[in-house]
Number of protein chains: 2
Amino acid sequence: MNKKNMEEIKQMLKDKGIPPSYHRISIYKYLKDNINHPTVDTIYKDLSKKIPTLSKTTIYSTLKLLTRKNIVQEILIDDNEVRYDYNTKPHAHFKCTKCGKIYDIFIKSELFNIKNIEDFSVNHTDIFFRGVCEKCKNK
Amino acid sequence: MNKKNMEEIKQMLKDKGIPPSYHRISIYKYLKDNINHPTVDTIYKDLSKKIPTLSKTTIYSTLKLLTRKNIVQEILIDDNEVRYDYNTKPHAHFKCTKCGKIYDIFIKSELFNIKNIEDFSVNHTDIFFRGVCEKCKNK
DNA sequence: GTATCTGCAAAACATTTGCAATTCT
DNA sequence: AGAATTGCAAATGTTTTGCAGATAC
């Protein structure tokens with residue numbers, strides 16, 4: 001089952017023109033299994049338990065590569081830390097300013113489909129909300 | 001005329017509960033005169049020509065203060081540099097991925113008025129577009 | 001055997017902080 | 001004088017880069 005996942009990811013990376021090294025497969029699988037928009041640091045702390053030789057440099061370069069190939073998505077919602085999202089389909093994000101968690105918001109909006117606005121060609125639309133989540137409201 | 005502007009800003013800062021030092025007035029006036037979403041570094045390079053004693057620390061602390069008081073707006077559209085926007089009214093932004101310029105987009109969207117979404121209380125909505133601007137298209 | 005991938009250490013940035021000096025009233 | 005503002009230098013945190021060694025095909 002886990003093996004099967006690895007094989008599937010391996011094939012997918014190949015199809016996208018990315019040589020599927022063990023590290024790359026592992027990092028992608030981590031994003032698939034942890035859809036809570038982890039940072040490089042979080043990925044490193046977790047994954048290096050299982051793969052002690054893994055370095056941050058490799059995580060950085062792998063994520064840049066996957067982003068360039070549109071297999072994952074960078075989220076720049078706040079602060080100066082980049083987060084990564086396994087889900088590349090158009091969706092919005094919500095960040096709770098108290099607990100810092102980021103949630104996916106699956107709203108439909110015509111803004112995601114805009115191809116031109118004023119004189120500009122649009123390639124990508126980001127919609128971010130900031131506020132307080134249910135849990136933090138009740139504290 | 002210029003003096004008059006300074007006086008107006010001074011009064012406005014006072015009204016918002018901010019002691020209007022010369023540096024604070026100058027930084028706010030810079031944002032008013034340069035609505036192209038400058039970074040701290042840009043502000044520093046430009047303003048320190050006129051005010052040689054001005055330090056980056058002061059610019060950082062002043063902008064944090066103005067942001068907290070909702071007099072200016074932080075823009076976190078890309079990379080790891082914060083940009084500042086004189087215009088605090090709801091509007092979207094477009095970033096050209098070729099030249100790096102950021103443009104204001106004055107679209108109307110009900111998303112700017114959302115107060116609740118799913119279980120969350122929304123305080124702020126950001127809408128960002130990325131793509132290529134007219135000038136870069138024709139290069 | 002040659003390309004690529006990886007990891008370390010250093011560098012490069014943006015931003016924050018501690019603290020002493022300056023300024024303002 | 002007393003409180004707030006400012007500036008320097010150092011610290012912090014994230015990301016990038018150069019290069020040497022390891023790995024893969």
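In what follows, chains carry the letters A, B, and so on, assigned in the order in which the sequence lines appear, proteins first and then strands, with residues in each chain numbered from 1. The figures here come from the full heavy-atom set of this structure, side chains too, leaving out hydrogens, waters and symmetry mates.
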Under a cut-off of 3.5 Å for both distances of each Watson-Crick or G-U pair, what dot-bracket string does DNA chain D give, using [ ] for crossing pairs and | for inter-strand pairs?
||||||||||||||||||||.|.||

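Remark: A:Lys49 engages A:Asp46 in a salt bridge (charged side-chain N to carboxylate O under 4.0 Å, His left out) (not counting sequence neighbours). Checked against side chain to side chain contact (heavy atoms under 4.5 Å, CB included), B:Pro38 has the following partners two or more places apart in sequence or in another chain: B:Tyr30, B:Leu31, B:Asn36, B:Thr42, B:Ile43. Scanning for ring pair (Phe, Tyr, Trp, His ring centres under 6.0 Å) contacts around A:Tyr84 gives an empty result, with sequence neighbours left out. For A:Tyr44, the ring pair (Phe, Tyr, Trp, His ring centres under 6.0 Å) test picks out no residue, with sequence neighbours left out. For B:Lys56, the salt bridge (charged side-chain N to carboxylate O under 4.0 Å, His left out) test picks out B:Asp41, with sequence neighbours left out. Residues meeting the salt bridge (charged side-chain N to carboxylate O under 4.0 Å, His left out) test with B:Asp119, sequence neighbours left out: none. With sequence neighbours excluded, the residues satisfying side chain to side chain contact (heavy atoms under 4.5 Å, CB included) with A:Thr125 are A:Leu111, A:Phe112, A:Val122, A:Ile127, B:Phe129. Considering only residues two or more places apart in sequence or on other chains, A:Arg130 meets the salt bridge (charged side-chain N to carboxylate O under 4.0 Å, His left out) condition with A:Asp78, B:Asp126.
With a 4.5 Å cut-off on side-chain heavy atoms, A:Ile71 and A:Ile18 count as touching.
Per the geometry, CD1 belonging to A:Ile59 stands 11 Å off P belonging to C:dT6, to the nearest Å. One atom, CD1 of B:Ile25, and another, P of C:dT23, lie 17 Å apart when rounded to the nearest Å. Atom CG in A:Leu47 sits about 13 Å away from atom P in C:dT6, given to the nearest Å. A straight line from CD1 of A:Ile51 to C1' of C:dG7 spans 14 Å, rounded to a whole angstrom. The nearest whole Å value for the distance from the OH atom in A:Tyr22 to the P atom in C:dT6 is 12 Å.
In terms of phosphate contacts, B:Ser21 brings no side-chain nitrogen or oxygen within less than 4.0 Å of OP1 or OP2 of C:dC24. Between C:dG7 and A:His23, a contact under 4.0 Å exists linking OP1 or OP2 to a side-chain N or O.
In this structure, D:dA3 shows a glycosidic angle more than 90 degrees from zero, which is the anti conformation.
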In B/S/- notation, 5' to 3', how is nucleotides 8-21 of chain C contacted by protein heavy atoms closer than 4.0 Å?
BB----SBBB----

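The side-chain hydrogen bond (donor to acceptor under 3.5 Å, both in side chains) contacts involving residues 59-68 of chain A comprise A:Lys64-A:Glu74, where partners must be two or more places apart or lie in separate chains.
Note on ring orientation: taking the six-membered ring where Trp is involved, the planes of B:Tyr28 and B:Tyr86 are tilted (angle from 30° to 60°).
Here the range on DNA chain D touched by chain A, meaning any atom under 4.0 Å from one of its heavy atoms, is D:dT14 to D:dT17.
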